[in-house]
Amino acid sequence: MSLSSELGIVGIIVLEFALVLGISPLLSGVIRKIKSRSQGRVGFPIFQSYRDLGKLFHKGSVYAESASAVTEWAPLISFGALIAAIPLVPWLVLPSPFGFAGDLILFVGLLALSRFMTALAALDAGSTFGGMGSTRDMWIGALLEPAFLLTIFAWGAPSGSTGASTIALHSISLGLANFSPPMLLATTAFVFVLFAETGRLPFDNPATHLELTMIHEAMVLDYSGRELLLIEWGKAVKFTLLTGLLLTVLLPWGLSLSLGILVLLAIAVVVAKLLGASVIIGALETRFAKLRLFRVVDFAAVATVLALGSISLTYLVGV
Amino acid sequence: MVAPGLLALELTAAVVLVSAWLSLVHRRLEAIINLYLVQSAAVGLIAILVAYLYSAPDLYLTGLLVLGLNAIIFPWILHRIQREIRVPNEIRMFVSVRLSALAGLGCLLLAVAVVGPLTPLAEIPAAGLLPISVAVVLMGLFMVSTRRKAFTQVVGMLVMENGVFLAGVALTYGLGIFLELGVAANLLILAIVSRIFLYRMNDTFDTVDADVLRSLEG
C-alpha cells in the first residue's frame, strides 16, 4: 500500500469522526425544531445545541459530596465507547476503511457499554433520581437488545455477514431489490429500537423534567460542566450512529466506492440523508404519546417479533 | 435481477403484512382503523399493479373498487360509527399485546410452512405474495377471535377480507370471475359493518362488548 493511500485512509477516518461528532448537535436541533413547530411553538434555533454544548464546555464541574471517582471517568468511557463505534459504520467510503476492526455485534456492544457507563455514573452520587433513571434505562436497554441484535441478523441474513460494509455493499448490488419484504419488517423493528435507544417519545420524553416519567434527564441531574457536555453530546452522537446505520443498510447509495474526489460528494449526500432522516424521525415522534413504563415491554416484544419475522421470511421463502 | 414491477408487488404485499401485524398489537381503535386504511390502499395498489404487469384490464376495476370501498368508504364509516356510538378508543383483548405479537409471528410461520411449498406449483408472480396473504388472513382471524368488542371484530374481518382478496389476486390474476367474487365479499362485509348499527339501534346493552351477548336479558 502506498503512502498516499494510507494518508487517504487516515484522512477519511478523521473526516468521518469530524462529520459524525460535528453534525450530531445539528440533528438534535433539527428534531427539536420540528417538534416545537408541530406544537405551535417557534422553538430554539436549530444551532442552539452547539451553543448549549459550548456553554457547558466553559463551565466548571460541581461534584456531589458523596460522589466517587466514577463520576469523573464514567462519562469519558461512555463517550469513548460511542466514538469507538463511529468507524464501524461506513459513513463516506465503502467498504469502510476501518471496518475490519469489528462488525455490528461490536457496535451493539459498544452502545451497551456506553449505556452501562451512563447508568453507573448516575448511580454514583447516590441520589434517588439517578437510581430511578438508571434502573429504567438499563431495563429498557435489556428489553430492546434482543430486538437490536435480531434486526442486525435480519439485515445480515441475505449477505451472510454482520459487517456493516458487507451488508451495505450487498444492498447496493441488489439495487431496487434491496427494498424487499424482509427489509421492510427489519427496518420497522429497527425504528422501534432507534426510538428506545435514543430515548425518544414513546419510551422517554427528552423534554420532560417531570420526576415520574423522566429517564435520561433523571440520570444526568448530578452532572454539570464538561461531564454533562460529554453525556449530552454522547446522546446526540448515539442518535447519529443509529440513524447512520439505518441509512447505510437501507439507502447505501451515494457513498464513495474509492478514496477519490468522490468522497466530497459523499459528504454532501450523507449530510443530506441524515438531515432528511432526522426530519422524518422528528415528525414521527410527534405522532407518539409517552407510553406507560410497563407498556415498553409490548414495544420490545413487537420489535423482536418483527425482526424474527424478517429472518424467517428470508430463510423460509427466500423473497 | 428481478423486474422492478415484481419488487413493487412484493414490497406492497409486505406493507399489507406489516400493517396487519401492527393492527394486531395496537391498543388504540383509531390507529387500527387508520392501519386498515393503509392496508386497503396497499391491496388496491397490488390489484392495479397486477393488472398492469399481466395486462388484465378487469383487475383495474377491482383495484379501483378496493381503493374506493376498502380504503376510503369503510374507514370513513368506521370512524363515524366510533364517534357516534362513542366506542372507547382503547382496545380490550383476551390476550396480551406480547402474545398477540407472537401470534402474528405464528401466523406468518404457519402460512409460510403450509402455503410456501405451493408457490412453485401455481404460477404466482412473486414468491412472497401467497404466504403473506394467507398470513394476513390468519392475523385477521386472530383479531376476530381475541377481541372483546364487536367493533374490533369487524375490523378483524375486514383485515381477513383484505387477505383473501390478496390471495385471490395472487392466484387467479386476470380472471374475470374474481371481480364478481370480490364485489360479493365486499357486500358481505358491508352487511357485517351495518350490523354495528344494530347495536346502536337496539341500544339495550349500552355497549358493543360482545361478551354481553352471552347473558340472557329479559
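Just the heavy atoms: all of them, side chains too, but no hydrogens, waters or symmetry mates, feed the values below. Just so we're on the same page: letters track the sequence lines, and every chain starts at 1.
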Is there a side-chain contact between A/Leu184 and B/Leu17, using heavy atoms and a 4.5 Å cut-off? no

Compare all side-chain heavy atoms of A/Leu185 with those of B/Trp21 and state whether any distance is below 4.5 angstrom. yes

Distance (rounded to the nearest 0.5 Å) between A/Asp298 CG and B/Ser100 OG: 9.0 Å

A/Ser312 side chain reached by B/Leu108 side chain, heavy atoms, under 4.5 Å: yes

Quick one: pull up CD in B/Glu10 and CE in A/Met183 and give me the separation to the nearest 0.5 Å. 14.0 Å

Which one, A/Thr304, A/Leu306, A/Val305, leads in non-hydrogen pairs under 4.5 Å with chain B? A/Val305

Side chain, backbone, both or neither of B/Leu105 within contact of chain A (heavy atoms, under 4.5 Å): both

Can you tell me which portion of B/Leu22 sits under 4.5 Å from chain A's heavy atoms? Options are side chain, backbone, both or neither. side chain

Under 4.5 Å to a heavy atom of chain A? For B/Leu109 that would be side chain

